Amino acid sequence: MSRFFFNDRKQLVNDAIEGLVLSAPHGNLVKLDIDPAIRIVARGDWDKSRVAVISGGGSGHEPAHAGFVGKGMLTAAVCGDLFASPSVDAVLNAIVAVTGDRGCLLIVKNYTGDRLNFGLAAEKAKRYGLKVEMVIVADDIALPDNKQPRGIAGTALVHKIAGYAAEQGKSLCEVRDIAQKACDSVFSLGVAMETCNLPGSDDEEGRIKHGQVELGLGIHGEPGASTVDSHNSKTIVDTLVAPLKEKVGDARVAVLINNLGGVSALEMALLTKELAHSALKDQIAYLIGPAPLVSSLDMKGFSLSLLTLNAGFEAALKEEVETVGWQKPVAFAPLKTLKHGKIHDSVEATPSDNPQVKALVATATQTLIHLENRLNALDAKIGDGDTGSTFAEGARDIAQLLAQNALPLNNTAQLLQLIGERLATVMGGSSGVLMSIFFTAAGQSVQDGKMLPDALLNGLKQMKHYGGADLGDRTLIDALQPALEALRDRDLSAAIAAAKEGAARTATMQKAGAGRSSYVNKQNLDGVTDPGAVAIAEVFAAIGQ
């Protein structure tokens, strides 16, 4: 089944254009009502007093090209079907609709269909007495021996520069020459780990193997020039930067960081960081993005476009525009940091030794570390798959302090409170805070004179109070509470059995009352033991061996 939202595949592009025009923040876009098969998005405030700048191509590359229509960029965009060039008639109608005496510049990506359809439309428009020029963007450097490099994300930079020149009132010849200079000054290279999926088509197993990325694939999913056996962000960025740097030498550049549609914002931020530390770091004057500028539906990949700068290009990039999709350039500078002292409610603890306690702590921490993958696998069925890693991270920190002889092993109150402090710092999320509350409250109770079993039950009471979960809610409490109640009666064997029984019982509970699994339906919960409860049961079992 297709992984897309749509009603009618044939109406998808028309429906999407309507949504784009409706949501345009400046209210300056219109869809020309000519013919259902002709899709033209134009500036509603255009008065033909300047050179018109038109681009377009197949849909699926949003926000290109309709998202770049507006003051300071394109006058109009002609939208074809998905990955298909618009017809000659559609381009011709766009030219006639927005072109005045000053003429029109067409900006075309270097694909045969676009070149032919836009080219023929330009020749036909001349029969109407209109002045039309065309520039072809061929910024892709993936195939150096190819005489016809593809036009990819660098096209957006050409839109910006040409649109600025037209807005300044320059002549058609001047706008064309400036745009051509931009075409000659921009170089792009992309990479992806998954290709795009076309709406309405069945999902197929991708050609890119797991653990690899494809270098230099096209924005229509065309196979790339080579593969790289890595998903390491630094390796991949360096792989792109090396040939791009050969093209620009030591020139100052603006870099467009383009999301091909399927990369998360988190990953794009990481890739931007890698770029900032790459071999280009001393040449970058501006960053544009990271953002989808010329996407490829949901392709899991990104591209870098480098524009060698001159004073005119720099002014053009910095000028404000009124469009949906353009990203304002950011002057590049190293990471800004501000020294600030750490506010920390530190527990005062003096390291001390107690062989019996040391053995208990070592057993508990090693058990949780060894359980990491098992608990993650359980949590993946009912939550977000990180319970094992969360508990293991806390256990590793305590184990490290134990190895450094830094724990107050002979002072139970200090030990519990220090463990509580460390877990809040290193475990993260709600689990870390809940376990910190448990140990901190238990430690305070010991300090106040309570015996350890009662102190631990008090810690549980406070954890339940703040966390909102209780016995029967399908959490670690279902193993911890019966175990601690048995331990209060000085019966470790009973505590071990109670923890095991409590954990097993969670597999039969069809509704979780707290935690992420409370959002999961009963079919997915059925037969799956709560990972937190398993962790408690296994720790008690290990201690009893």
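Worth saying up front: this structure is predicted, and the values here are computed from it rather than measured.
A donor-acceptor pair is defined here as one N or O able to donate and one able to accept, closer than 3.5 Å; such a pair exists between the side chain of Glu62 and the backbone of Gly60. Judged by distance alone, with hydrogens and angles left aside, the side-chain atoms of Asn376 form a donor-acceptor pair with the main-chain N or O of Gly388 at under 3.5 Å. With hydrogens and angles ignored, the 3.5 Å screen pairs a side-chain donor or acceptor of Ser352 with a backbone N or O of Asn410. In this structure, the side chain of His26 does not engage the main chain of Glu322 through any donor-acceptor pair within 3.5 Å. Counting only distance, with no hydrogens or angles, the side chain of Asp386 and the backbone of Ser389 share no donor-acceptor pair below 3.5 Å. Side chain of Asp454 to backbone of Met451: no donor-acceptor contact under 3.5 angstrom is found. Side-chain atoms of Asn258 come within 3.5 Å of backbone N or O of Val294 as a donor-acceptor pair. Listed for the Gln366 side chain is no donor-acceptor partner under 3.5 Å among the backbone atoms of Thr363. Under the 3.5 Å distance criterion, the side-chain polar atoms of Ser436 are matched with a main-chain donor or acceptor of Gly420. In this structure, Thr508 contributes its side chain and Ala504 its backbone to no donor-acceptor pair below 3.5 Å.
Here the side chains of Val241 and Leu275 are in contact, with some heavy-atom distance below 4.5 Å. Side-chain contact between Gln212 and Val228: absent, with no pair of heavy atoms (C-beta onward) separated by less than 4.5 Å. Counting only heavy atoms from C-beta outward, the side chains of Leu157 and Leu256 approach each other to under 4.5 Å. Between Asp139 and Phe187 there is no side-chain heavy-atom pair separated by less than 4.5 Å. Annotation: side chain of Leu456 is in contact with side chain of Phe438 (closest heavy-atom distance under 4.5 Å). For the pair Leu260/Lys300, no side-chain contact is recorded, criterion being any heavy-atom separation below 4.5 Å from C-beta on. Using a 4.5 Å heavy-atom threshold, the side chains of Phe302 and Asn259 count as separate. Counting heavy atoms from C-beta on, the side chains of Met73 and His65 never come closer than 4.5 Å.
Applying the salt bridge (Lys or Arg N to Asp or Glu O under 4.0 Å) definition to pairs two or more places apart or across chains, those involving residues 210-219 are Arg207-Glu214.
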**OP:** Could you give me the CA-CA distance, side-chain angles and deciding distance for Glu538 and Lys500, then say whether salt bridge (Lys or Arg N to Asp or Glu O under 4.0 Å) is met?
**Re:** CA-CA 8 Å; Glu538 292 292 341; Lys500 183 178 179 179; over 6 Å; no
**OP:** I would like to know whether Gln444 and Asp448 meet side chain to side chain donor-acceptor pair (under 3.5 Å); could you show each step before the answer?
**Re:** CA-CA 6 Å; Gln444 185 62 48; Asp448 292 341; 3.1 Å; yes
**OP:** Before giving the answer on side chain to side chain donor-acceptor pair (under 3.5 Å), spell out for Thr506 and Asp478 the whole-Å C-alpha distance, their side-chain angles and the decisive distance to 0.1 Å.
**Re:** CA-CA 7 Å; Thr506 63; Asp478 291 300; over 6 Å; no
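Minimum interatomic distance between Leu82 and Leu12 (heavy atoms only, all atoms of both residues): CD1-CD2, 4.0 Å. Across Ala499 and Ala537, no two heavy atoms sit closer than the pair O-CB, 3.6 Å. Here the closest heavy-atom approach between residue Gly301 and residue Val263 is recorded as O-CG2, 3.1 Å. Closest of all the heavy-atom pairs between Leu317 and Ala254 is CD1-CB, 3.7 Å. Residues Leu360 and Ile543 share a closest heavy-atom pair of CD2-CG2, 3.3 Å. Pairing each heavy atom of Val446 with each of Ala455, the nearest pair is CG2-CB, 3.4 Å.
Between Glu393 and Arg422 there is no salt bridge, since none of the side-chain N atoms of the basic residue sits less than 4.0 Å from a carboxylate O of the acidic one. Salt-bridge check for Lys328 with Glu320: passed, with a basic side-chain N closer than 4.0 Å to an acidic carboxylate O.
Applying the side-chain hydrogen bond (donor to acceptor under 3.5 Å, both in side chains) test to Ser305 and every residue at least two apart in sequence or in another chain returns Ser188.
Side-chain atoms of Glu274 and Ser233 include a donor-acceptor pair closer than 3.5 Å. With no hydrogens or angles considered, a side-chain donor-acceptor pair links Asp379 and Thr387 at under 3.5 Å. For Gln417 and Glu421, the side-chain atoms include no donor-acceptor pair closer than 3.5 Å. Between the side chains of Ser445 and Asn458, at least one donor N or O lies within less than 3.5 Å of an accepting N or O.
With Leu215 as the partner, the side chain to side chain contact (heavy atoms under 4.5 Å, CB included) test is satisfied by one option alone out of Ile236, Leu240, Thr227: Leu240. A side chain to side chain contact (heavy atoms under 4.5 Å, CB included) with Phe68 holds for exactly one of Leu293, Val321, Thr155; it is Leu293.
Heavy atoms from other residues, nucleotides or ligands lying under 6.0 Å from CD of Gln356 number 12 at most.
Separation of atoms CE (Met509) and OG1 (Thr475) is listed at 8.5 Å; rounding is to 0.5 Å.
Using the six-membered ring where Trp is involved, His231 and His210 have ring planes that are perpendicular, over 60° apart on the 30 and 60° scheme.
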